[in-house]
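Only one structure is covered here, and it is reproduced in the block below.
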Amino acid sequence: MKIIDSAELDAFREEVRDWLADNVPKDPRPHDGAAMRDFDLAWQRRQYDGGWAGISWPKEYGGRGASVLETLIWHEEYARANGPVSGSMFVALSHAGPTLINSGNEAQKQRYLPAILKGEENWCQGFSEPSAGSDLSALKCRAVIDGDHLVVNGTKIWTTYGHLAKQQELLVRTDPDLPRHKGISWVICDMETPGVEVRPIKAMSGLTHFAQTFYDDVRIPLSNVVGEVNGGWKVAMTTLGFERGTGTVPHQIELSKRTDDMIAEAKAKGLLDDATGADLATLKAEVAALRSLTVAQISRGMSEAVPGAEGNIVALQFAELTRRVNGYALELFGPAALERGGHPDYPLEYLECFKWGIGGGTNEIRRNAIGERVLGLPKGPSAR
Amino acid sequence: MKIIDSAELDAFREEVRDWLADNVPKDPRPHDGAAMRDFDLAWQRRQYDGGWAGISWPKEYGGRGASVLETLIWHEEYARANGPVSGSMFVALSHAGPTLINSGNEAQKQRYLPAILKGEENWCQGFSEPSAGSDLSALKCRAVIDGDHLVVNGTKIWTTYGHLAKQQELLVRTDPDLPRHKGISWVICDMETPGVEVRPIKAMSGLTHFAQTFYDDVRIPLSNVVGEVNGGWKVAMTTLGFERGTGTVPHQIELSKRTDDMIAEAKAKGLLDDATGADLATLKAEVAALRSLTVAQISRGMSEAVPGAEGNIVALQFAELTRRVNGYALELFGPAALERGGHPDYPLEYLECFKWGIGGGTNEIRRNAIGERVLGLPKGPSAR
Amino acid sequence: MIVNLTPTEEQQLVEDSIRGLLAGKLPVDRLRESHSHGGAAERAIWNDLAELGLFGLGLAEERGGIGYGLPEEVIVAKALGAHLASPSIIAQMIAVHLADDATRPALMSGEARAAFVNAFDGGAHLIDGEGATHAVVVGQGGVALVAIDTLGTAEPVELIDETVAVAKVSTSASLSGGAEAERLSLLLATYMAGLAGATRDMAVEYAQTREQFGQPIGAFQAIKHQCADLALRAAGAETQCYHTAVTFGRGNDDGVEVACARLLAGEAALANAKQNIQIHGGMGFTAECDAHLFLKRSHLISMLGTSKAEVRKRILA
Amino acid sequence: MIVNLTPTEEQQLVEDSIRGLLAGKLPVDRLRESHSHGGAAERAIWNDLAELGLFGLGLAEERGGIGYGLPEEVIVAKALGAHLASPSIIAQMIAVHLADDATRPALMSGEARAAFVNAFDGGAHLIDGEGATHAVVVGQGGVALVAIDTLGTAEPVELIDETVAVAKVSTSASLSGGAEAERLSLLLATYMAGLAGATRDMAVEYAQTREQFGQPIGAFQAIKHQCADLALRAAGAETQCYHTAVTFGRGNDDGVEVACARLLAGEAALANAKQNIQIHGGMGFTAECDAHLFLKRSHLISMLGTSKAEVRKRILA
């Protein structure tokens, strides 16, 4: 437990701050659609040109190769400078790219990694299926080897920005006779391949963030398989983030700002009494806890290569707290806060935040993981 | 949905009220020990002499034979008159007695029922075991038939007032080779039988409410078996309360009074601000919900003979709410409220109320029951 | 006073007929089509509602009403909530109580139409106002019935709930409390109890049918216990609304009872709506699933009229 | 400013030595025997604690202290909480910071002894005061160190926590806020984080070993998810205390950070203690199981000094 101070880090922070001050887009980021995707790609390109793309990616693959501390500084300054969310670039930068770096062959790395960093191609994830939900090992999307191709049939759902992505990291079942966790392959699927059909799904906020994808005899070259055929589960499970827990820093700082803004607005509007004060103080304390939990997770990341299951504690705290904070704004500011289109658009922020705790691991799955993997409790009577 | 008004009921209410006004003990009820038991027995005798014992028991077994509405009126007036809790008479009046009426033979009824109503004998329950907990069907306490006796060996735990009771309703395993729910017998055990040893267990409040009982070659006449040998599960499961949900009325009224007293005290002490007001208003609303849920349960009891699983909703609301109300008093009234021995003794009331939600069905078991028996959700993957 | 909360045969008939009508004409999934929004589907059956006697159900016969009471009105309000019916139906049910002798017949027959105006500090929202001749203005101070043309110019605005049509208006109506304001508050509470019950039912049905890890998800305690909590909240809200309706004017402190009903039902509607979304997982987050509609409506109605802070103050009054 | 919350090697040594001492001399189960109550077991090892350097751990070397800082002090405070150590040890740790040059050496050596006085509206409680020469008086206004003979006559009283010896006293000490008052508040918060962590560990161990329906109860989601919530609350409280200790005096708003720590840790200690009792079922309700001791201590410490209402006000200050 200590403060880390160094002239080098201070200098790095200053460099980051200066660059961001000059480069963070002034225009608001579009909420969804192709305009949003184009915005994200352009911003990625700008970071690339500035030498900041892939902040934590190894240098040999075009990244900045920043240390955990530098990455943390980057994310802190990025959030303070109101840098846009990575959005439709998120999967490419934080999941598909790192997976390729860990498990891809050299040809795959050369083909796909530069295109990510330059903002030429974004990615989406094809893991979940309608009948499998949280249970990845039950996936049914089928791929049969035909010569030097895989032929894919099936469907994937909850694919974030699937309708806006160029590439997809796709899990398919290549051998249905093997046990559930075997017989799965991790494949790169170009979303423009014939037979791929994407149906956008509107979220309850009115925005369209995700899609269902249908595969009808989609032919994918075998050379697009990452790792071994039937070895996809291992590839998926060993995907290491290079960010060591720092990736959640922007969300945490954003939520902290939002809470402080709400308190300031309550004061300004004369809405702060003992009752709202008690509620707001509790929220602010929980936000402080989220900050401290995040710092603790990053601290572990400084010494441990593999991120521990404790990350589920941070994620759970964030998912539940963001709903409480955004929900409280509606209650606090009364009927006027129910109006759409304001700044902030309280209903939009509120409705959007339900995705935390559902996508990428429900709160229930996270509580299972905390119980089993952090606390060492036994698995449940059935599947888990 | 209607108000039930009748001159007969009004007259009955007046009769109850008058009798209670003249007869409810003025002395405070001792908190535990033999003094408490003797108090409970004496009060039972007084009710018997007044013609009020066994308010809802059938007349043929010495009860008052009151209708559901009359029973409700009795409980309402009883609570308003600050009538003492039935305490060490509870099992005899609300469980063992009704079971004997339903499933006992004539000799058993004649032997045991009058002794209950006259306050001569109180009962305890010997169902739970250290290794079985909530899972009654896993009970191990063994009974072997030897001539015209059962010979019992084993142990029972969480026996409320086991150290103060004269008779025990005891579940024993008479045939270990039958499936778990079979092979169990329901037996009347005189607590003074040689080989019965009782170890009182102190609760966290400092009071001694329950005990563990050890059975070492305890010989019980076969004539003490209620129902069939090996038919005890059925006997235990078909125990019908005659009170049709009215038995919880005193608790509900008591909690309502306590909440109103707390609000009045907060006002008197100048502790009512927007924050405490918000908390207290929420508690008062939840108390109102408990009242309404209780009324709904009793309303069902007016037309349905078998109490439904909805009783678990009332019990769960009570168990969780009583902890909140009693816990809030400690917070509201500050360090002075941590002192023992006052009137009310806030810590004692608070610590005692944890028994709700643990004894007689944990909150977890009740949520299972609501899910499965009220809502029709499937049983869990394993046993439950 | 002994209260029996089991519906009488007559009450059961009232419930069956409103539920029958709503099941046929206002199924929740109508709201997936925007042409049913803004109370359009309700306007199409306005005459049916009038013929069923909804407008004047609890009004005394000597005032031209059906002569039932609050218990029958809350039965209807709960069904309306379960079907996400336009709040204007509740407005109309209240309007007949507020109207003078000259106006009342037209409201009862459905010829005149009411809609809610939510008057708050800094503005006012007219809800589903198309075709309305009258506004039931609600705010902290109580309620008032005014002619629609007393409102300032209407400027459309989208609220969190896109299935209602809202316009910013202005009003100088002077609101008053009393029994009719309490009646309104209780009907809104029961509407929200209806929302809470509907999300409980949705969640339970999904938990019974949706399978994961080879089991219906309702077999898992995490989901089962959430469903139990949904049931607990819905039952508490509903029984409190019913109990208040039955005992209204019979010696209880009606203001306190109504305020308790309002607080419980508002919390139950919101909490159940959120939990229902969570139980539906990814599906619950989509616009295709009806779960979000209940969340949005819960926010809308819980902010109609008396604020939560004011409700809590009344409970301790 | 970058914060690393992983203990340094030296901090790990501090933690290991205090934990080693407490495991040997102050196991929680000592409190099953009343002769260990009232700080008796602690008094028996007072010299060991002094030799370990506990009294003056965070005091600058130039003032005669060990020269560590708040991070090391909170490591100790957390261990003390986990062992339900007498609050007097915390009082002594604070007393050395408050004492003047003349008094300090005797407090550091353990020759002089401190105990807490909780001063509240309407009274004051001296806690585990036997043998104390000084009182650390805490209340809404802050803290003060006074000689024990400045307190009015002591009248024994039993509090909710029967494992501490309490006497009603009176005091006219004038309390002051500032850095030392914040330090005290943070140590008490961390003590409570220690309580919360200990009940998490107790619950998890029980859930791993206790079987029902043929499974360890921790395999059931109802219990597993409760344990996850225990872990979440304990981690939030602990990391906030640690973060506050590390950053103290480095430009954050220390008052706000300490208040957040205090609120989080108080809630975590209480909520975890209750849940731990629930997870232990019937056993948890008995005096024989240690679960109740944590509940009682949580109530005691959460009411020591600043009230919850005041803590919340400071968070928004």
Side-chain angles (χ1 to χ4, degrees), chain A residues 1-6 9 13 69 72-73 76 263 266-267 272 274 276-300 302-304 310 312-314 316-317 320 363-364 366-372 374-381 384, chain D residues 1-8 11 71-72 74-75 200-201 203-204 207-208 213-216 218-221 223-233 235-247 250 256-257 259-264 267-268 308-309 311-316:
Chain A
M1 288 193 275
K2 62 183 180 190
I3 305 279
I4 300 173
D5 272 334
S6 84
L9 290 173
R13 189 183 290 276
L69 295 183
L72 172 60
I73 289 171
E76 283 180 355
I263 293 168
K267 280 182 186 165
L272 201 61
D274 290 328
T276 58
D279 294 337
L280 288 167
T282 302
L283 291 175
K284 191 171 161 78
E286 292 290 345
V287 167
L290 174 65
R291 185 268 329 267
S292 298
L293 288 167
T294 305
V295 171
Q297 179 70 2
I298 294 168
S299 300
R300 279 186 292 269
M302 293 181 201
S303 49
E304 298 162 18
E310 288 89 354
N312 284 291
I313 292 183
V314 184
L316 182 60
Q317 170 80 354
E320 302 206 322
N363 290 338
E364 290 73 32
R366 292 204 189 282
R367 284 196 166 84
N368 280 348
I370 294 168
E372 290 163 16
V374 178
L375 302 176
L377 293 172
K379 288 217 163 205
R384 49 182 318 137
Chain D
M1 181 167 65
I2 292 177
V3 176
N4 187 339
L5 289 182
T6 305
T8 63
Q11 288 164 346
E72 291 73 21
V74 295
I75 283 172
R200 171 202 57 209
D201 295 342
V204 168
Q208 282 167 332
F213 304 105
Q215 303 272 344
F220 293 101
Q221 276 185 324
I223 301 295
K224 184 177 293 171
H225 287 196
Q226 286 180 29
C227 288
D229 287 335
L230 290 167
L232 180 62
R233 282 190 292 259
E238 176 184 316
T239 57
Q240 174 65 16
C241 288
Y242 284 180
H243 193 276
T244 304
V246 174
T247 60
R250 295 290 297 255
V256 171
E257 294 288 343
C260 287
R262 180 95 199 219
L263 186 66
L264 291 165
E267 298 288 301
K308 186 164 149 187
V311 166
R312 292 194 294 210
K313 288 201 177 89
R314 287 188 194 175
I315 291 175
L316 296 189

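Proteins come first, then strands; the chains are lettered A, B, ... in the order of their sequence lines, and each starts at number 1.
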Interface residue of largest heavy-atom contact number with chain D, from [options], under 4.5 Å:
options	result
A:A288, A:A296, A:A281, A:G371	A:A281
A:L280, A:L69, A:L375	A:L375
A:R366, A:E76, A:E286	A:E286
A:I4, A:I370, A:L290, A:V287	A:I4

List the atom of [X], the atom of [Y], and the distance in Å for their closest heavy-atom pair.
X	Y	answer
A:S299	D:N4	CB-OD1, 3.2 Å
D:A207	D:I223	CB-CG2, 3.9 Å
D:C241	D:A261	SG-CB, 4.0 Å
D:G236	A:L293	N-CD2, 3.7 Å

Heavy-atom distance under 4.5 Å to chain D: side chain of [X], backbone, both or neither?
X	value
A:I313	both
A:I263	side chain
A:S6	neither
A:L272	side chain
A:R291	side chain

>> A:E320 vs A:R367, test: salt bridge (charged side-chain N to carboxylate O under 4.0 Å, His left out). Steps then yes/no.
In response: CA-CA 12 Å; A:E320 302 206 322; A:R367 284 196 166 84; 3.1 Å; yes
Who wins among [options] for the most heavy-atom pairs under 4.5 Å with chain A?
options	answer
D:A259, D:A228, D:P216	D:A228
D:K308, D:R250, D:R200, D:R262	D:R250
D:I75, D:D229, D:D201	D:D229
D:L263, D:V311, D:T244	D:L263

>> What verdict does the side chain to side chain contact (heavy atoms under 4.5 Å, CB included) test give for A:L377 and D:Q208, after you've listed the backbone C-alpha separation in whole Å, the side-chain angles of each residue and the deciding distance to 0.1 Å?
In response: CA-CA 6 Å; A:L377 293 172; D:Q208 282 167 332; 3.7 Å; yes
> Does the pair D:R312 and A:D274 meet the rule for a salt bridge (charged side-chain N to carboxylate O under 4.0 Å, His left out), with working shown?
Replying inline: CA-CA 9 Å; D:R312 292 194 294 210; A:D274 290 328; over 6 Å; no
>> Working to the nearest 0.5 angstrom, can you tell me the gap between D:R314 CZ and D:E257 CD?
In response: 15.0 Å
> So how far is it from A:L316 CG to A:E364 CD, rounded to the nearest 0.5 Å?
Replying inline: 9.5 Å
> Quick one: what part of D:T247 sits under 4.5 Å from any heavy atom of chain A, side chain, backbone, both or neither?
Replying inline: both
> For D:K313, is it the side chain, the backbone, both, or neither that has a heavy atom closer than 4.5 Å to a heavy atom of chain A?
Replying inline: side chain
> Any side-chain heavy-atom pair from A:M1 and D:H243 closer than 4.5 angstrom?
Replying inline: no
